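Each remark here refers to the structure printed beneath this line.
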Protein chains: 2
Amino acid sequence: MNFPEHKLIYYIQKWVDLSEADAASILAAFEPIAVKKKTQLLAPQEVCRYVYFITSGSMRSYHIDQKGTEHIYQLRLENSWISDLESFFSQKPSKYYIESMEDSTLLRISFDRLEMLYAEVPKMERYFRILFQKAYINALQRLNSTMWDSAEERYQDMVKENCDILQRVPQTYIASYLGITPESLSRIRKKK
Amino acid sequence: MNFPEHKLIYYIQKWVDLSEADAASILAAFEPIAVKKKTQLLAPQEVCRYVYFITSGSMRSYHIDQKGTEHIYQLRLENSWISDLESFFSQKPSKYYIESMEDSTLLRISFDRLEMLYAEVPKMERYFRILFQKAYINALQRLNSTMWDSAEERYQDMVKENCDILQRVPQTYIASYLGITPESLSRIRKKK
DNA sequence: TTGATTTCTTAACCTAGATCAAGGGTACAA
DNA sequence: TTGTACCCTTGATCTAGGTTAAGAAATCAA
């Protein structure tokens, strides 16, 4: 079987064992969608209704400050999750945008449907516990390197990870994600 | 009943319903310890063996860079959790210190005992899922404000939270936590 | 009570990265 | 195929916060 939905099961099974029945329940809970490049899935003031698993393409989330400058805080490729968890779990208005950077396909699940899924397949509680734990560890590492490493070190770390995101999205997005201006990133790249 | 252990149950019950039996299982899984000010619970190269719930006092976690400068990335008061999750969950050597800032009492649980507890009381899986979810949201907010707000704004936000940590620990710790030098914090405080 | 350590403040100077401005390249829409 | 928007680069200048240094104040151990 080779439906795109199965990638989701593959990634969940890296962390918890699933029966055939579990897998079926999970797939039934998610709804597939397809979006063109630069489609907004969330805008400020809206409540974030879904958590998304990206099956192909790439997404970013960002906010726009008082001066009108965009600040990207998440860049995600296929086989990872994206949402505004703060808005999703509180079901209160978001401060952020979520937008596709390429034509993309996603699986989405709503707040109520997710709570149902936790009841149906309690292992999902464990899966998301592990997912958030890793996400939290990651966010702290990013915080540490933002506070204490130079912009150049942060960029070189990203290059070392050899993530093809560097080839797939504009440098201005990478710069914003690293917390610097496009001009600074251009100067850093020139050096090497 | 008024044993200090019960604060733990109180805080867990804010997020999941516990039976008497659940509460008993949880309390049985944790071991109380008491430490003097400036006691190290973890040092670099050691594996972080426990997750700690602080029942009284305060803790910090930090690392020391090549130049010998301390960088604090967590400051925690009573009724919150502290650990190095990266080391704890991988059971690999840590890069961080965990140290008490005041005389403190804590409840600790080991990796194996926690896995047993998840099996005994599956609701704990849900509790930690919610805890890490909130911690992750928080870490992203801190990352955003470190990237995009001035040092003064970050300090003022901390003052607004009205957290008594500002009174209880040296300013040099607050400065490091905010990602600035003690000199800069002193200048910021002088302004107002 | 007293020296020793730690913490906080202030001042002079420095630097990484921001800001402002302008030109060239590239990609897609018509 | 051309024009329009976006993207990247480069240079000149500016600034928040770092660095270095030194003294004052507070805290602590004996």
Side-chain angles (χ1 to χ4, degrees), chain A residues 36-40 58 60 62 64-72 75 97 99-103 143-159 165-192, chain B residues 36-40 57-58 60 62 64-72 75 97 99-103 142-159 165-192:
Chain A
K36 289 251 165 257
K37 186 173 175 169
K38 299 212 174 190
T39 304
Q40 281 180 13
S58 55
R60 64 180 180 132
Y62 62 98
I64 295 184
D65 69 16
Q66 306 87 329
K67 289 181 200 151
T69 313
E70 273 184 22
H71 301 298
I72 297 178
L75 285 179
Y97 293 87
E99 193 183 286
S100 55
M101 297 187 291
E102 303 169 308
D103 292 354
L143 179 68
N144 267 334
S145 84
T146 299
M147 277 189 178
W148 309 116
D149 299 342
S150 68
E152 183 165 358
E153 283 175 279
R154 272 177 283 144
Y155 174 69
Q156 293 305 340
D157 287 348
M158 206 164 167
V159 170
I165 203 164
L166 295 171
Q167 273 65 55
R168 284 167 59 181
V169 310
Q171 275 174 46
T172 180
Y173 291 177
I174 304 291
S176 181
Y177 179 77
L178 290 172
I180 59 177
T181 58
E183 292 91 333
S184 292
L185 181 55
S186 178
R187 280 185 270 259
I188 287 167
R189 285 161 50 85
K190 195 183 163 190
K191 278 199 207 171
K192 276 244 161 168
Chain B
K36 290 253 166 256
K37 185 173 176 169
K38 298 211 175 191
T39 305
Q40 282 179 12
S58 54
R60 63 180 180 132
Y62 61 100
I64 296 183
D65 68 17
Q66 305 87 328
K67 290 182 197 149
T69 313
E70 273 183 24
H71 301 297
I72 297 178
L75 285 178
Y97 293 88
E99 192 182 287
S100 55
M101 296 187 292
E102 302 170 307
D103 292 354
R142 220 176 125 204
L143 179 68
N144 267 334
S145 86
T146 299
M147 277 190 180
W148 310 115
D149 300 342
S150 69
E152 184 165 0
E153 282 175 280
R154 272 177 282 145
Y155 175 68
Q156 293 304 340
D157 287 347
M158 206 164 167
V159 170
I165 204 164
L166 294 171
Q167 274 64 55
R168 285 166 59 182
V169 311
Q171 275 174 44
T172 178
Y173 290 179
I174 305 291
S176 181
Y177 178 75
L178 290 172
I180 59 177
T181 59
E183 293 89 337
S184 292
L185 181 55
S186 180
R187 280 184 277 255
I188 287 168
R189 285 161 50 83
K190 193 184 166 188
K191 280 201 206 169
K192 274 247 161 164

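Each chain gets a letter, A, B and so on, in the order the sequences are listed, and its residues count up from 1. Please read all numbers here as calculations on a predicted model, not as lab measurements.
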### Message
Need one value for A:T181: base, sugar-phosphate or nothing, where a base atom within 4.0 Å counts as base even if backbone is also close, heavy atoms only.
### Response
base
### Message
With nearest nucleotide decided by heavy atoms, which residue, A:R154 or B:P170, maps closer to the 5′ end of DNA chain C?
### Response
B:P170
### Message
On the nucleotide D:dT9, are OP1 or OP2 found under 4.0 Å from the side-chain N or O atoms that A:S186 carries?
### Response
yes
### Message
Between B:T146 and B:R142 (side chain of the first, backbone of the second, donor and acceptor by atom type, cut-off under 3.5 Å), is there such a pair?
### Response
yes
### Task
Could you tell me whether the side chain of A:R189 has a donor or acceptor atom within less than 3.5 Å of a complementary atom in the base of D:dT10?
no
### Message
When you measure from the side-chain N and O atoms of B:K190 to the phosphate of C:dA11, is any distance below 4.0 Å, counting only OP1 and OP2?
### Response
yes
### Summary
note: A:E183, atom CD; D:dT13, atom C1'; distance rounded to Å ~ 13 Å
### Pair A:Y155, A:R189: side-chain N/O donor-acceptor within cut-off below 3.5 Å
yes
### Message
Let me spell it out: for each of A:W148 and A:Y173, pick the nucleotide of DNA chain D with the closest heavy atom. Which residue's pick is nearer the 5' end?
### Response
A:Y173
### Task
Give a yes/no on whether any side-chain N or O of B:Q171 is located under 4.0 angstrom from OP1 or OP2 of C:dT9.
yes
### Task
Provide, to the nearest angstrom, the distance between the NZ atom belonging to A:K38 and the P atom belonging to C:dA27.
14 Å
## Note on the structure
Test side chain to side chain donor-acceptor pair (under 3.5 Å), reference B:Y62, set B:E99, B:E70, B:H71, output is B:E99
### Query
Which whole-number value in Å describes the distance from A:Y155 OH to D:dC8 P?
11 Å
### Message
Tell me whether the NZ or CZ atom of B:R168 lies within the 45° cone about the ring axis of B:Y173 and under 6.0 Å from its centre.
### Response
no
### Message
Just the rounded figure in Å: distance from C1' of C:dC28 to CD of A:E102.
### Response
16 Å
### Task
Let me know the distance between CD1 of B:I188 and P of D:dG17, rounded to the nearest Å.
6 Å
#### Entry: Atom-to-atom span, CG of B:L178 to P of D:dG17 - whole angstrom
11 Å
### Between P of C:dT15 and CD1 of B:I180, the distance in whole Å
21 Å
## Note on the structure
B:R187 atom CZ is separated from D:dG17 atom C1', nearest whole Å, by 7 Å
### Query
Judged by atom type as modelled, is there a donor-acceptor pair below 3.5 Å linking the side chain of A:T39 to the main-chain atoms of A:S100?
no
### Message
At 4.0 Å (heavy atoms only), tell me whether B:K37 reaches a base, stays on the sugar-phosphate, or touches nothing.
### Response
sugar-phosphate
